[in-house]
*Asks:* 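Provided herewith is a single structure, encoded as structure tokens, for subsequent inquiry.
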Amino acid sequence: MATKKRGVPTAIPEKASPRVWLYLVLLTLQYGAQPLISKRFIRREVIVTSSVLACEVAKVICALFLIARGGGLKKLYNEWTLVGSLTASGLPAAIYALQNSLLQISYKNLDSLTFSMLNQTKLFFTALFTYIILRQKQSTQQIGALFLLIIAAVLLSIGEGSSKGSSGSNPDQILFHGIVPVLVASVLSGLASALCQWASQVKKHTSYMMTIEMSVVGSLCLLASTFKSPDGEAIRQHGFFYGWTPLTLIPVIFNAVGGILVGLVTSYAGGVRKGFVIVSALLVTALLQFIFDGKPPSFYCLLALPLVITSISIYQKYPYRVKKKES
């Protein structure tokens, strides 16, 4: 007689420890507040590449500090290889560098709630590329949830295209410098996320190591692009810190800490709880925008918000399960 296994140990505990709850709360606040903070403290004159590069440097410093604090620098030095680093982190890093630049452009041309909600379409593209690269299937409920997410994105596009943006820009600027960049960034995010998952399963990289490698490679790609890009020309003419103020460091460091928190939440809390973080962050963005900007959500945002919340909740709650074959 075969005995049934009473339980299979998992890497993610059922009950989150106080430290894990701290990570979840901090990431929720970071996700929700980042668009408002970036719009308030990054002036329009700031060169996008300079803020992205500064954020990557801040991520490396934070990750190295945390590794050193845990006594892992010597082990890191002994085990690290250039070939292994490029294999695991090279392509995702280049993709994320481009994604971050597109997100910086979108911050300046979309209101904060619309940006946050459109940014959630990265879940759809993550699922798509995870299936293509890792052959991980989706349940029927998850597929339905992804369609709800697409409908919400369409509603937001209609709303933004038919009304003035928070910065007073014309509809074409909102579309091509706000909506299109954030959607392209979502596609890139999905691709890079699937590649990172593949690298973590094959190479067994820690979240801190991946953060360092991807930040370094991404920074090198951005520096290379400055030789031909308009941003590079602007840096040569006006200097790297053109348009910066001491307050510009706030969103840069805030974003860097968020990058560290994403890895910690994924490692210690898992994807389900991270999904609740994403949903909660939308509510935080809406609340902060109303409090600090005095601007209530548009009609289309009000229609799209429950769709986004419902779709993400369903997607996280009903994962794909392999059907057992009857003997």
*Asks:* CD1 of I132 to CG of L128: how many Å apart, nearest 0.5 Å?
*Replies:* 4.0 Å
*Asks:* Work out which heavy atom in L24 is nearest to a heavy atom in T28; give both atom names and the distance.
*Replies:* O-OG1, 2.8 Å
*Asks:* Can you give me the closest heavy-atom contact between N255 and K59, atom names plus distance?
*Replies:* O-CE, 4.2 Å
*Asks:* Run the side-chain hydrogen bond (donor to acceptor under 3.5 Å, both in side chains) test against S186 and tell me which residues pass, sequence neighbours left out.
*Replies:* T121
*Asks:* Let me check something: do L82 and I212 share a hydrophobic cluster, defined by ILVMFWY side-chain heavy atoms less than 4.5 Å apart, either directly or through other members?
*Replies:* yes
*Asks:* In Å, rounded to the nearest 0.5 Å, how long is the span from NZ of K39 to CZ of R44?
*Replies:* 9.0 Å
*Asks:* Compare all side-chain heavy atoms of V187 with those of V184 and state whether any distance is below 4.5 angstrom.
*Replies:* no
*Asks:* Report yes or no: do M214 and V57 belong to one cluster of Ile/Leu/Val/Met/Phe/Trp/Tyr joined by side chain heavy-atom distances under 4.5 Å?
*Replies:* no
*Asks:* Heavy atoms, side chains only, cut-off 4.5 Å: are Y242 and V46 in contact?
*Replies:* no
*Asks:* Grab the two heavy atoms, one from M209 and one from W80, that are nearest each other, plus how far apart they are.
*Replies:* CE-CD1, 3.7 Å
*Asks:* If the condition is side chain to side chain contact (heavy atoms under 4.5 Å, CB included), which residues does L98 pass it with, not counting sequence neighbours?
*Replies:* L102, L188
*Asks:* Of all residues at least two apart in sequence or in a different chain, which pass the salt bridge (charged side-chain N to carboxylate O under 4.0 Å, His left out) check with E213?
*Replies:* none
*Asks:* List in chain and number order the residues that pass side-chain hydrogen bond (donor to acceptor under 3.5 Å, both in side chains) with E233, two or more places apart in sequence or in another chain; answer none if no residue qualifies.
*Replies:* R236, Q237
*Asks:* By the rule that ILVMFWY residues connect when side-chain heavy atoms come within less than 4.5 angstrom, directly or transitively, which residues belong alongside L302?
*Replies:* none
*Asks:* Hey, does the side chain of S106 reach the backbone of G178 with a donor-acceptor pair shorter than 3.5 angstrom?
*Replies:* yes
*Asks:* Please determine whether the number of non-hydrogen atoms from other residues, nucleotides or ligands lying under 6.0 Å from atom CZ of F147 exceeds 12.
*Replies:* no
*Asks:* Excluding sequence neighbours, so at least two apart, what forms side chain to side chain contact (heavy atoms under 4.5 Å, CB included) with I291?
*Replies:* L287
*Asks:* Roughly how far, to the nearest 0.5 Å, is the CG atom of D231 from the OG atom of S225?
*Replies:* 7.5 Å
*Asks:* Other than L247, which residues form its hydrophobic cluster under the rule that side-chain heavy atoms must be closer than 4.5 Å?
*Replies:* I37, F41, I250, F254
*Asks:* Who pairs with V252 by side chain to side chain contact (heavy atoms under 4.5 Å, CB included), at least two apart in sequence or on another chain?
*Replies:* A54, C55, W244
*Asks:* Can you tell if the side chain of Y23 reaches within under 4.5 Å of the side chain of L27, non-hydrogen atoms only?
*Replies:* no
*Asks:* Would a 4.5 Å heavy-atom cut-off, applied to side chains only, mark V257 and Q30 as touching?
*Replies:* no
*Asks:* Rounded to the nearest 0.5 Å, what separates atom CD1 in I95 from atom CG in L191?
*Replies:* 4.0 Å
*Asks:* With a 4.5 Å heavy-atom cut-off, do V60 and V216 have their side chains touching?
*Replies:* yes
*Asks:* Decide yes or no for S101 and L222: does some side-chain heavy atom of the first lie under 4.5 Å from some side-chain heavy atom of the second?
*Replies:* yes
*Asks:* Establish whether F290 and L288 are linked, either directly or via other cluster members, by ILVMFWY side-chain heavy-atom contacts under 4.5 Å.
*Replies:* no
*Asks:* Taking only residues two or more places apart in sequence, or in another chain, which ones meet F65 in a ring-ring contact (aromatic ring centres under 6.0 Å, His included)?
*Replies:* none
*Asks:* Could you tell me whether the side chain of N109 and the main chain of I174 form a donor-acceptor pair under 3.5 Å?
*Replies:* no
*Asks:* Please report the closest heavy-atom contact between A33 and V284, naming both atoms and the distance.
*Replies:* N-CG1, 4.4 Å
*Asks:* Check for a donor-acceptor pair, side chain of T248 on one end and backbone N or O of T245 on the other, with a separation under 3.5 Å.
*Replies:* yes
*Asks:* Look up atom CG in L64 and atom OH in Y208, then write down how far apart they are to the nearest 0.5 Å.
*Replies:* 11.5 Å
*Asks:* Kindly determine whether T49 and L223 satisfy side-chain contact (heavy atoms from CB on, under 4.5 Å), including the steps that lead there.
*Replies:* CA-CA 9 Å; T49 300; L223 286 173; over 6 Å; no
*Asks:* Looking at every non-hydrogen atom in both residues, tell me the closest pair between A185 and Q99 and how far apart they are.
*Replies:* O-CG, 3.5 Å
*Asks:* I'd like to know if the side chain of S51 and the backbone of V48 have a donor-acceptor N/O pair within less than 3.5 Å.
*Replies:* yes
*Asks:* Sequence neighbours left out, what pairs pass salt bridge (charged side-chain N to carboxylate O under 4.0 Å, His left out) with at least one residue falling in residues 20-35?
*Replies:* none
*Asks:* Hey, does the side chain of N78 reach the backbone of K74 with a donor-acceptor pair shorter than 3.5 angstrom?
*Replies:* yes
*Asks:* Compare every heavy atom of I260 with every heavy atom of C62, then report the nearest pair and how far apart it is.
*Replies:* CB-CG1, 4.0 Å
*Asks:* With sequence neighbours excluded, what pairs up with S215 under the side-chain hydrogen bond (donor to acceptor under 3.5 Å, both in side chains) test?
*Replies:* E56
*Asks:* Please identify each residue that fulfils side-chain hydrogen bond (donor to acceptor under 3.5 Å, both in side chains) with S189, with sequence neighbours left out.
*Replies:* none
*Asks:* What is the distance from atom NE2 of H238 to atom CD1 of I235, rounded to the nearest 0.5 Å?
*Replies:* 10.5 Å
*Asks:* Would you indicate whether the side-chain heavy atoms of V262 and Y31 approach each other to under 4.5 Å?
*Replies:* yes
